[in-house]
Protein chains: 2
Amino acid sequence: MSTSLHAHVVEHLGSRIVGGQIPRGSILLAAELEEKLQVSRSVIREAIRVLAQSGLVTSTKRVGIRVLGAESWNPYDTQVIRWRLVSEQKGTQLRSLTELRISVEPMAAELAAEVAPENMRKELMMISAQMSHYGRQGDLHKFLELDIRFHSLVLAASGNEMFANLATPIGAILRGRTELGLMPERPHEEALLWHQSVSDAISNSDSAGARKNMESIMRRTHNEICSLWEGQPRVFVDPPKEPR
Amino acid sequence: MSTSLHAHVVEHLGSRIVGGQIPRGSILLAAELEEKLQVSRSVIREAIRVLAQSGLVTSTKRVGIRVLGAESWNPYDTQVIRWRLVSEQKGTQLRSLTELRISVEPMAAELAAEVAPENMRKELMMISAQMSHYGRQGDLHKFLELDIRFHSLVLAASGNEMFANLATPIGAILRGRTELGLMPERPHEEALLWHQSVSDAISNSDSAGARKNMESIMRRTHNEICSLWEGQPRVFVDPPKEPR
DNA sequence: TGACACCAATCTGTGCAGGCATAAAAATAA
DNA sequence: TTATTTTTATGCCTGCACAGATTGGTGTCA
């Protein structure tokens with residue numbers, strides 16, 4: 001076993017809960033899991049703690065480990081996102097993430113134009129130049145990696161750690177989009193120019209320009225993939241009753 | 001003890017790490033923690049698992065439990081946010097959250113106008129009416145609770161669970177703003193009208209209007225509290241090197 | 001002498017097994 | 001209905017064995 005044992009248990013249970021094989025409301029007993037997964041109590045307990053933190057289960061005395069419904073899951077948990085992306089809720093997850101990035105990336109570009117450190121502005125210029133090159137050449141694989149790097153960099157250059165932290169799931173979206181063949185066989189010239197303009201604007205501290213061009217990119221992105229979740233139902237959670 | 005033991009340990013260690021009393025790079029030993037906190041190994045281990053998931057520590061054999069720096073912390077973890085809000089990084093945390101809500105709430109309002117269920121539209125109308133009433137009356141406490149409910153509702157009514165999940169930290173921002181006396185002694189008439197207009201627009205499925213008025217609210221909000229983080233340094237994290 | 005590869009000691013987290021305490025649901029009595 | 005007892009699964013503790021990483025020493029060769 002290379003990775004730790006309890007991580008395997010987390011993976012096993014987490015993917016099954018998110019995937020729907022273990023339906024909401026199920027009651028798991030630590031003793032049963034011990035036997036079924038052939039691990040000791042301590043491993044089970046640590047795994048349950050982790051799952052509880054992600055909002056997948058709660059464990060209460062005398063009743064057991066209750067599996068919670070999707071509305072309790074922490075939607076920013078990277079594992080939850082990963083599990084959802086390979087489940088039937090894939091469409092819903094893609095929609096949420098895409099709406100989030102449409103909201104965030106223009107602001108990130110605007111901020112980056114104001115506060116990005118010099119080396120990041122330089123790297124952005126390099127990346128967008130390479131994107132144009134490989135894009136016109138039709139090298140989709142290389143283009144994808146550059147695209148991911150580009151958007152991650154803009155998010156990081158905003159100096160907002162919450163923005164920066166979205167890089168990984170957004171990268172997953174971009175990968176998924178090309179894997180599903182939702183990318184044109186050769187990037188649109190327009191898109192190449194917009195990326196170029198974003199990095200130009202950031203380099204010139206032109207925050208309005210950075211935002212405007214990033215908004216253009218987001219608009220096209222949305223149009224390209226919104227067909228994926230056509231008809232997927234929306235989830236409405238009751239807002240938290242004022243605690244404390 | 002009403003709450004569980006391991007939760008106390010998580011709280012103890014987490015708040016100290018985020019608060020800076022336990023500096024990055026420190027090495028904690030499970031045995032020492034056992035003795036210092038007077039709890040057993042199992043409790044320590046479960047707590048460490050939870051802290052590790054939040055990115056506060058990693059534990060490796062032969063070396064111990066290493067305390068990680070702020071760039072590794074999960075910025076969407078509710079506990080991390082809570083701890084940061086009572087630490088010296090309060091300004092940075094407020095800025096990140098505010099920038100995020102400025103990005104997200106206009107989009108949430110726009111979506112809500114398109115997809116919100118009828119009961120949520122109704123409640124929004126009620127809330128905004130009450131906000132006007134108590135606001136003009138100068139009842140800041142009542143106004144605050146309504147304001148929190150209003151924004152939480154819009155986020156929930158967007159049908160995007162990632163948006164909806166921001167309600168709690170955003171509520172914390174709003175509470176903090178009034179506690180710090182950053183609210184005018186009586187809400188501006190303008191702000192009351194904007195809230196009213198947002199709920200009107202959502203009720204009438206006028207997505208453009210909902211967005212526009214929410215943007216106005218966000219602009220004013222930003223101006224009212226951006227003084228809090230004047231001069232706070234920004235954190236630039238390296239974007240994740242493409243995995244897989 | 002000095003550089004380097006290799007091996008053994010040691011330290012610390014990880015996992016296992018079993019024990020008792022306790023809280024909360026369920027059943028029973030009042 | 002209300003109060004009390006019983007039941008039962010989790011919470012917490014402890015002793016032990018193991019795995020894997022660091023460290024230091026040993027030996028070889030240049």
Side-chain angles (χ1 to χ4, degrees), chain A residues 1-17 21-69 72-74 79 243, chain B residues 1-17 22-69 72-74 79:
Chain A
M1 299 276 186
S2 61
T3 49
S4 55
L5 207 37
H6 83 269
H8 278 119
V9 176
V10 168
E11 185 66 31
H12 180 95
L13 292 177
S15 58
R16 257 154 249 257
I17 291 172
Q21 288 87 7
I22 307 180
R24 76 155 61 194
S26 306
I27 300 289
L28 309 175
L29 298 180
E32 289 179 6
L33 294 176
E34 256 183 77
E35 193 180 2
K36 182 169 296 184
L37 304 182
Q38 288 296 311
V39 293
S40 73
R41 234 181 331 192
S42 52
V43 172
I44 294 291
R45 289 171 50 84
E46 289 168 31
I48 293 303
R49 285 283 102 81
V50 172
L51 293 173
Q53 212 201 354
S54 313
L56 300 199
V57 301
T58 59
S59 82
T60 55
K61 277 194 163 171
R62 181 52 171 71
V63 43
I65 298 150
R66 169 174 286 113
V67 175
L68 301 177
S72 312
W73 303 344
N74 178 0
Q79 300 190 102
Chain B
M1 299 279 187
S2 61
T3 50
S4 54
L5 255 189
H6 77 268
H8 278 120
V9 175
V10 169
E11 185 66 31
H12 180 95
L13 292 177
S15 58
R16 258 153 247 261
I17 291 173
I22 307 179
R24 76 155 62 198
S26 306
I27 301 290
L28 309 175
L29 298 179
E32 289 179 6
L33 294 176
E34 256 183 77
E35 193 180 3
K36 183 168 295 185
L37 305 181
Q38 289 295 313
V39 294
S40 73
R41 277 205 304 276
S42 52
V43 171
I44 295 291
R45 288 175 45 173
E46 289 166 34
I48 294 302
R49 283 282 109 77
V50 172
L51 293 173
Q53 209 199 356
S54 310
L56 301 200
V57 301
T58 59
S59 73
T60 54
K61 279 193 166 98
R62 178 52 208 265
V63 43
I65 298 150
R66 169 173 285 113
V67 174
L68 300 177
S72 311
W73 304 343
N74 179 357
Q79 301 190 98

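Remember, it's a predicted structure, so these values are computed and weren't measured experimentally. Numbered from 1 within each chain, the chains take letters A, B, ... in sequence-line order.
For the pair B:Glu35 CD and C:dT12 C1', the interatomic distance rounds to 16 Å; values are reported in whole Å. Taking atom CD1 on A:Ile44 and atom P on C:dC16, their separation rounds to 9 Å, with Å as the unit. When rounded to the nearest whole Å, the span between CD1 of A:Ile65 and C1' of D:dT8 equals 14 Å. Atom CD1 in A:Ile27 sits about 13 Å away from atom C1' in C:dA24, given to the nearest Å.
Taking CD of A:Glu46 as the start and CZ of A:Arg41 as the end, the distance is 13.0 Å to the nearest 0.5 Å.
At a threshold of 4.0 angstrom between heavy atoms, the contacts of B:Leu28 are confined to the sugar-phosphate backbone, with no base atom among them. Within 4.0 Å of B:Ile48, counting heavy atoms only, lies no atom of the nucleic acid at all.
Closest of all the heavy-atom pairs between A:Gln21 and A:Pro23 is O-CD, 3.4 Å.
In this structure, the side chains of B:Ile27 and B:Val63 come closer than 4.5 Å at one or more pairs of heavy atoms. Using a 4.5 Å heavy-atom cutoff, the side chains of B:Ser54 and A:Gln53 are in contact.
Counting only residues at least two apart or in different chains, salt bridge (charged side-chain N to carboxylate O under 4.0 Å, His left out) contacts with residues 5-14 of chain B comprise B:Glu11-B:Arg82.
Side-chain contact of A:Gln79 with A:Ser15: a donor-acceptor pair under 3.5 Å is absent, judged by distance alone.
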Practice task
Using a 4.0 Å cut-off on protein heavy atoms (strictly under), produce a 5'-to-3' string for nucleotides 11-17 of chain D with B for base contact, S for backbone-only sugar-phosphate contact, and - for none.
Solution key: BSB-BB-

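Between the side chain of B:Arg62 and the base of D:dT22 there is at least one donor-acceptor pair of N/O atoms closer than 3.5 Å.
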